[in-house]
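Here is the structure we will look at, set down as structure tokens.
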Amino acid sequence: DAFSLQSENKLIYNNTFADIHKLIATALVKTSDSQSFSSTSATYGNASANLSDPVVGSVVASSGSGNSERRSIMIIGQAVYTFDIRYVVRATVNREGNSTMGKDRRWGTFPAFGVAWNAEQEHFWGESVKKWLNIAKLRLGYGWSGTSPSGASIYLGAYKSLGQYMNMAAIVPDRMQLDNLKWETTREADFGIDLRLFDKLNVTFDYYDKETSDMLLKDTKLPVSTGYSSVKYINSGKMSNKGIELRFDYEIFRNKDWTISINANASRNVNKVKELPSTWIMDNYSFGNGNYALRIVENAPVGAFYGYRYLGVYQNTEETYARNAEGSVMTDWRGQVITMKNGNEQVYPGDAKYEDINHDGVINENDIVYLGNANPKFFGGGGFQVRWKQLTLTTFFYGRYGQKVINGARISLENMRGKANQSTAVLHRWRAEGDQTDIPRALYGMGYNYLGSDRFVEDASFIRLKTLSLSYNFPKKWLKNLGITRLNVFATGYDLFTWTSYKGQDPEVKMPSATSLVKDNATTPVSKRFAFGINLDF
């Protein structure tokens, strides 16, 4: 049983003084109250699910109930002052309270400020400039926002039943009291420009700098010596995101019959971990074929790849000798040549060759290096529209540039370790000295010929035609006698073409996160789709 109630009350003051001073003040109060109740029971010995057996009688196997309530309140005050249309100042204060927090930290205050300059309204522009400078607006903003944890009263400590202990009922701590849990706070600065030129070209540019601190980390593991296996939330860590966004549209040509226009947008975001959470485990890696290290490193982005640097295939016995930093062959205390090892197995000609970073003659965790970034350097889209009389052609393209992806399908189809199907690429594997190939020899059930390395990390840059649409609006004079105000027929194709050098099935893989690698395990590519329709208005 659930009940939810939201309320919103708004007060607006809007006035203009002496024709050049304008003030808009807003006060907003929003509240939310969500309650839920649940009960459950299980019985046996019933004649049916809803009828107890009168002879045997039903027995209650288990029963339980629960209830929760979450409340929040938001009080926002905002004032926007405009002088002579040219200068704008905005100030906002958000005071927010949430029942998920402890009573001492339940409230958070988040201010924000902004200024804008409508440069095209300045009086010093000549008439010649005003003919082509339609809009020229500069914006600057700075402010804070907060995020509270999800759940109902999660700051409260709790106990649970242990059952019988030495013939007595016992309870044990189950959840830690979180009186010091704080709001996750984000500070953001933004600088932007809006332009409209010649009544044809619109340009919007934004640069932002965002920093999040006191990050809310959920279900964090704790040492068992604390008496708890995990804590529901902690505040720890700091992360920054900086980037640019650029958008424009341009009307190339227009007359009575023709209209041609284009539009595009591009974005770049640079993510960086500025302070690691205090409970973060440095590495989540076990040595083995196909495994990559999931690492979060200070001053590095979330989504970086870590693994081995692949150097190809050992061609002969001499190449398998371990070498020091100067390139000289290494020997043991008896003067015998040291042969390289991949893990605990000695290598032979035809085996995979990885860079020995610390020159100890063994490829292991100590040789893991940074391999790339799964965050695209740029992503965006755009298209064009061509109209001729009532016929319109519209396109939209989407793409990413510079995103690195682990091609998990190649790992499965090129490892030659078991009986599973392999791709035709393995026909070029190493068989004898002198073979010009970077694919190792086949080793059934043994060896480390496909460790997680840059061999399987690929550039997944692509451009995809997301939409291609052709529509026709019937002339109104044809429809007038039929009592129809608008008749439009269209045909649209989706995901028709993709241009990429990526070897996997679909380069549009998921974006990175702090808990998973960006790995393409032969995800089914998007299907080409076609739609035909009619829009009819009476």
Side-chain angles (χ1 to χ4, degrees), residues 2-36 68-118 121 135 137-155 178 181-194 204 206-216 233 235 239 241 245 247:
F3 171 80
S4 182
L5 176 66
Q6 286 87 32
S7 71
E8 181 174 323
N9 299 276
K10 183 183 292 185
L11 178 64
I12 300 177
Y13 175 81
N14 189 346
N15 203 352
T16 302
F17 308 92
D19 295 329
I20 60 172
H21 303 280
K22 185 174 183 179
L23 177 64
I24 301 176
T26 305
L28 176 66
V29 179
K30 297 175 67 175
T31 66
S32 175
D33 187 355
S34 299
Q35 304 175 27
S36 66
S68 66
E69 181 176 14
R70 174 172 176 160
R71 291 180 175 180
S72 67
I73 182 169
M74 183 184 298
I75 304 171
I76 302 175
Q78 183 181 78
V80 180
Y81 169 73
T82 304
F83 174 74
D84 197 26
I85 311 177
R86 292 177 291 167
Y87 311 109
V88 183
V89 179
R90 174 182 55 84
T92 304
V93 176
N94 178 14
R95 178 75 168 163
E96 189 171 352
N98 200 301
S99 63
T100 59
M101 315 289 286
K103 63 179 182 179
D104 295 333
R105 299 182 180 270
R106 186 161 294 167
W107 288 89
T109 303
F110 310 104
F113 312 92
V115 294
W117 176 35
N118 295 309
Q121 298 293 334
I135 296 176
K137 184 177 184 178
L138 277 69
R139 299 173 279 105
L140 182 64
Y142 195 90
W144 290 262
S145 61
T147 302
S148 62
S150 60
S153 301
I154 54 93
Y155 70 93
L178 302 176
L181 191 64
K182 297 183 290 186
W183 290 77
E184 179 179 285
T185 304
T186 300
R187 184 272 304 154
E188 182 171 4
D190 181 273
F191 171 74
I193 301 174
D194 301 317
T204 299
D206 279 280
Y207 169 80
Y208 61 86
D209 182 349
K210 182 188 296 185
E211 182 177 277
T212 302
S213 57
D214 293 327
M215 298 174 64
L216 287 169
Y233 281 98
N235 294 105
M239 181 182 297
N241 285 276
E245 296 177 349
R247 302 175 295 278

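No experiment lies behind these values; they were computed from the predicted model shown.
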Exercise for the section: Using the side chain to side chain donor-acceptor pair (under 3.5 Å) rule, take Ser4 and Gln6 through it: C-alpha gap first, then chi angles, then the decisive distance, then the call. Expected result: CA-CA 7 Å; Ser4 182; Gln6 286 87 32; 2.7 Å; yes
Are [X] and [Y] packed together at the side-chain level, in the sense that at least one heavy-atom pair is separated by less than 4.5 angstrom?
{"X": "Thr26", "Y": "Ile76", "answer": "no"}
{"X": "Thr186", "Y": "Lys210", "answer": "yes"}
{"X": "Asn118", "Y": "Thr82", "answer": "no"}
{"X": "Glu211", "Y": "Thr185", "answer": "no"}
{"X": "Trp183", "Y": "Glu96", "answer": "yes"}
{"X": "Leu178", "Y": "Met101", "answer": "no"}
{"X": "His21", "Y": "Tyr81", "answer": "yes"}
{"X": "Asn9", "Y": "Thr31", "answer": "no"}

Rounded to the nearest 0.5 Å, how far does [atom2] of [Y] lie from [atom1] of [X]?
{"X": "Glu188", "Y": "Asp190", "atom1": "CD", "atom2": "CG", "result": "6.0 Å"}
{"X": "Ile73", "Y": "Arg106", "atom1": "CD1", "atom2": "CZ", "result": "12.5 Å"}
{"X": "Gln35", "Y": "Glu69", "atom1": "CD", "atom2": "CD", "result": "4.0 Å"}
{"X": "Leu138", "Y": "Leu140", "atom1": "CG", "atom2": "CG", "result": "9.0 Å"}
{"X": "Ser36", "Y": "Phe3", "atom1": "OG", "atom2": "CZ", "result": "12.5 Å"}
{"X": "Met215", "Y": "Thr147", "atom1": "CE", "atom2": "OG1", "result": "10.5 Å"}

Which pair of non-hydrogen atoms, one from [X] and one from [Y], has the smallest distance, and what is that distance?
{"X": "Pro149", "Y": "Thr100", "answer": "O-OG1, 3.4 Å"}
{"X": "Ser150", "Y": "Tyr233", "answer": "OG-OH, 2.9 Å"}
{"X": "Lys137", "Y": "Ala116", "answer": "CE-CB, 3.8 Å"}
{"X": "Ser72", "Y": "Asn98", "answer": "CB-ND2, 3.9 Å"}
{"X": "Lys182", "Y": "Asn235", "answer": "N-OD1, 2.6 Å"}
{"X": "Phe113", "Y": "Ala91", "answer": "CD2-CB, 4.3 Å"}

Exercise for the section: Dump the intermediate steps for side chain to side chain donor-acceptor pair (under 3.5 Å) on Asn15 and Tyr13, then the final yes or no. Expected result: CA-CA 7 Å; Asn15 203 352; Tyr13 175 81; 3.1 Å; yes
Exercise for the section: Before giving the answer on side-chain contact (heavy atoms from CB on, under 4.5 Å), spell out for Asn94 and Gln78 the whole-Å C-alpha distance, their side-chain angles and the decisive distance to 0.1 Å. Expected result: CA-CA 9 Å; Asn94 178 14; Gln78 183 181 78; over 6 Å; no
Practice task
Just do the side-chain contact (heavy atoms from CB on, under 4.5 Å) check on Asp206 and Arg247 with the steps written out, would you?
Solution key: CA-CA 9 Å; Asp206 279 280; Arg247 302 175 295 278; 3.5 Å; yes
Practice task
Assign the ring pair Tyr142 / Trp144 to parallel, tilted or perpendicular, where the plane angle (0 to 90°) is split at 30° and 60°.
Solution key: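 The rings of Tyr142 and Trp144 stand perpendicular, inter-plane angle above 60°.
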Practice task
Decide yes or no on side chain to side chain donor-acceptor pair (under 3.5 Å) for Arg95 and Thr109, but give the supporting numbers first.
Solution key: CA-CA 5 Å; Arg95 178 75 168 163; Thr109 303; 2.7 Å; yes
Exercise for the section: Show your working on side-chain contact (heavy atoms from CB on, under 4.5 Å) between Ile193 and Tyr207 and close with a plain yes or no. Expected result: CA-CA 9 Å; Ile193 301 174; Tyr207 169 80; over 6 Å; no
Exercise for the section: Please test Gln121 against Asp84 for side-chain contact (heavy atoms from CB on, under 4.5 Å), starting from the C-alpha separation and ending with a verdict. Expected result: CA-CA 9 Å; Gln121 298 293 334; Asp84 197 26; over 6 Å; no
